[in-house]
**Q** 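The structure under discussion is supplied below as structure tokens; questions concerning it will follow.
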Amino acid sequence: MAAFVSIRNLRKFYGSFEALKGIDLEIEKGEVVCVVGPSGSGKSTLIRCINRLEPFSDDSEIRVDDIPVMPGRALAKVRAEVGMVFQSFNLFPHLTVRENVMLAPRRVRGTSRAEAARQADRLLARVGIGEQADKYPEHLSGGQQQRVAIARALAMEPQVMLFDEPTSALDPEMVGEVLDVMRDLAGTGVTMVVVTHEMGFASQVADRVIFMDGGEVIETGPPDQVLSNPREPRTQNFLSAVLNH
Amino acid sequence: MDIFETFLNAEVLLRTWPLLLEGLWVTVQLGAASIVAGLVLGLFLSMVRLYAVTPLRLLTRLYIDIFRSIPLLVLLIIVYYALPFVGLRLSPFASAMTALTLVSGAYTAEIFRAGIEAIPKGQFEASAALGLSYRQTMVDVILPQAIKIVIPPLTNNSINVVKDTALASVVAMPDLLKQATQAQALAANPSPLIGAAVIYIAFLWPLVAMVSRMERRFGARSR
Ligand SMILES: Nc1ncnc2c1ncn2[C@@H]1O[C@H](COP(=O)(O)OP(=O)(O)OP(=O)(O)O)[C@@H](O)[C@H]1O
Ligand SMILES: [Mg+2]
């Protein structure tokens with residue numbers, strides 16, 4: 001059987017600029033993959049291609065659960081299976097926290113209001129903000145908002161969760177609470193692809209670390225290899241820059 | 001006291017009051033119908049302008065620019081006096097409503113576009129990532145947020161539409177202004193005209209005040 005997420009020769013152009021230069025990547029079910037690399041290396045672009053928030057070249061192929069990620073009907077199926085958490089939370093400001101979590105199940109899955117509300121409350125309790133369900137996002141701290149965003153994505157019961165620097169917009173004292181939720185999630189068997197600068201999280205939680213630079217995967221392997229004993233000079237340079245700052 | 005006799009003649013006003021009220025009713029009907037039709041047209045145009053294929057987008061832009069440039073009076077006269085030459089004969093009410101709607105639609109299209117474009121890209125991305133369709137994204141996420149942004153300018157536009165209904169008197173629409181000028185001729189006294197002006201002001205002042213209040217509130221919040 002093929003990998004759960006399979007990426008073949010992924011190329012992405014912004015105009016004439018090649019942001020991804022032919023990425024090949026297989027992610028197994030339940031695997032937690034952390035993507036690291038310098039700014040502009042294409043990390044966000046890579047994970048945004050997985051649910052096709054970014055269109056990519058026709059000669060590239062991405063499959064999720066064996067469904068090709070192409071425009072059309074199949075894309076809706078893929079997106080229902082792939083949850084995403086953004087650096088800037090992107091909660092819906094006109095809806096309460098509970099309604100944020102309920103919206104997609106109700107509209108996409110046709111879940112009843114009562115059932116969606118029960119599920120939302122369960123998920124909000126799970127990420128530790130059961131008490132805030134009736135508030136609007138603007139009244140929550142950044143860490144709480146990001147946990148709502150995680151609950152909102154989980155409400156669609158995704159097979160894969162994509163995280164694009166989920167803690168980079170947070171005040172330092174709130175990073176921990178979000179990473180804790182993600183660590184719990186990794187323990188439940190959800191496949192996760194996490195773009196992060198949190199090397200501690202990557203080394204503890206990741207099954208595999210991918211180092212990217214200039215639109216290419218430079219090095220990939222278990223965290224104690226890539227993060228502690230990198231083979232490639234570019235990985236070494238990046239890590240020493242990160243650790244010394 | 002001659003001034004009062006001339007411009008605010010109570011006896012004349014009392015006598016012509018029913019005529020003015022009839023006119024007001026026509027003005028209200030024409031204003032309301034044109035505002036609603038203009039909103040529908042504007043929403044439709046803004047969607048095409050933002051999301052349709054390029055040729056259609058260019059076409060709506062052309063439409064919007066033309067109908068924001070043409071003087072309403074000119075358009076109204078074309079609709080009422082020129083269209084009959086190609087066999088299209090509209091009643092004064094239909095002519096006025098057509099002209100008002102075509103122009104109001106162009107303005108509201110731009111208002112809706114600006115409102116939608118003010119919504120951060122992340123809202124579209126979060127919706128797409130959750131699997132919401134384009135229609136669901138619009139109805140459940142984008143439009144509810146855009147509405148708050150567009151209400152003050154839409155109210156402004158509605159005020160303008162109601163004001164512009166007065167132009168319909170040139171195509172023999174028995175609206176408030178027309179009735180007032182007729183009453184003035186009948187009574188040989190300008191008091192009905194003053195009465196009409198006061199009615200326009202009394203009718204629109206609350207809306208003007210509402211827009212100012214909303215703009216102050218939104219302004220205060222965004223700062
Ligand atoms: N919409 C766009 N238009 C043009 N170029 C873009 C666009 N988005 C990204 N790029 C370019 O593509 C490259 C990869 O961008 P990407 O956002 O994937 O980097 P990243 O690794 O996520 O960086 P960061 O750590 O800063 O988030 C960069 O050089 C960036 O300038
Ligand atoms: Mg990025």
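Protein chains get the first letters and strands the later ones, always in sequence-line order, with residue 1 at the start of each.
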**Q** For A:Leu91, is it the side chain, the backbone, both, or neither that has a heavy atom closer than 4.5 Å to a heavy atom of chain B?
**A**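 For A:Leu91, the contact with chain B is made by the backbone alone.
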**Q** So B:Asp140 and A:Leu103, side-chain contact (heavy atoms from CB on, under 4.5 Å) or not? Walk me through it.
**A** CA-CA 8 Å; B:Asp140 290 314; A:Leu103 181 65; 3.9 Å; yes
**Q** Count the heavy-atom pairs under 4.5 Å between each of A:Met84, A:Arg109, A:Met156, A:Arg48 and chain B, then report the option with the highest count.
**A**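 Most heavy-atom pairs under 4.5 Å with chain B: A:Arg48.
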**Q** Identify which part of B:Ser127 has an atom lying under 4.5 Å from any heavy atom of chain A, answering side chain, backbone, both or neither.
**A**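 Both backbone and side chain.
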**Q** Using a cut-off of under 4.5 Å for heavy-atom pairs, which of A:Val82, A:Val78, A:Asn51, A:Leu53 has the most such pairs with chain B?
**A**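 Maximum pair count with chain B is reached by A:Leu53.
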**Q** Using every non-hydrogen atom in the two residues, find where B:Ala126 and A:Asn90 come nearest and quote the distance to one decimal.
**A**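 Heavy atoms only, the tightest pair is CB-O, 3.6 Å.
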**Q** Step through the shown structure and confirm whether more than 12 heavy atoms of other residues, nucleotides or ligands are within 6.0 Å of CZ on B:Phe85.
**A**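 For B:Phe85, atom CZ is not crowded (no more than 12 foreign heavy atoms under 6.0 Å).
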**Q** Chain B heavy atoms under 4.5 Å from A:Arg52: which part of the residue, side chain, backbone, both or neither?
**A**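 For A:Arg52, neither part sits under 4.5 Å from chain B.
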**Q** Got a sec: does the CZ of B:Phe203 have more than 12 other heavy atoms crowding it under 6.0 Å?
**A**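 12 or below, so no.
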**Q** Quick one: does any side-chain atom of A:His94 pair with a main-chain N or O of B:Leu143 as donor and acceptor, under 3.5 Å?
**A**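 Answer holds: no.
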**Q** Please check if atom CZ in B:Phe44 has more than 12 non-hydrogen atoms from other residues, nucleotides or ligands closer than 6.0 Å.
**A**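 Result for CZ/B:Phe44: open.
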**Q** Relative to chain A, which segment of B:Gln136 carries a heavy atom at a distance below 4.5 Å: side chain, backbone, both, or neither?
**A**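 It is the side chain, since no backbone atom gets that close.
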**Q** What's the spacing between B:Ile119 CD1 and A:Phe92 CZ if we round to 0.5 Å?
**A**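 Going from the CD1 atom of B:Ile119 to the CZ atom of A:Phe92 covers 11.5 Å.
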**Q** Would you mind telling me which of A:Pro93, A:Gly83, A:Ala76, A:Ala149 has the largest number of heavy-atom pairs within less than 4.5 Å of chain B?
**A**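 Top count of heavy-atom pairs under 4.5 Å with chain B: A:Pro93.
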**Q** Heavy-atom distances under 4.5 Å only: say whether A:Phe86 touches chain B with side chain, backbone, both or neither.
**A**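 The answer is the side chain of A:Phe86.
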**Q** Does atom CG of A:Asp171 have more than 12 heavy-atom neighbours, drawn from other residues, nucleotides or ligands, at distances under 6.0 Å?
**A**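 Count over threshold, so yes.
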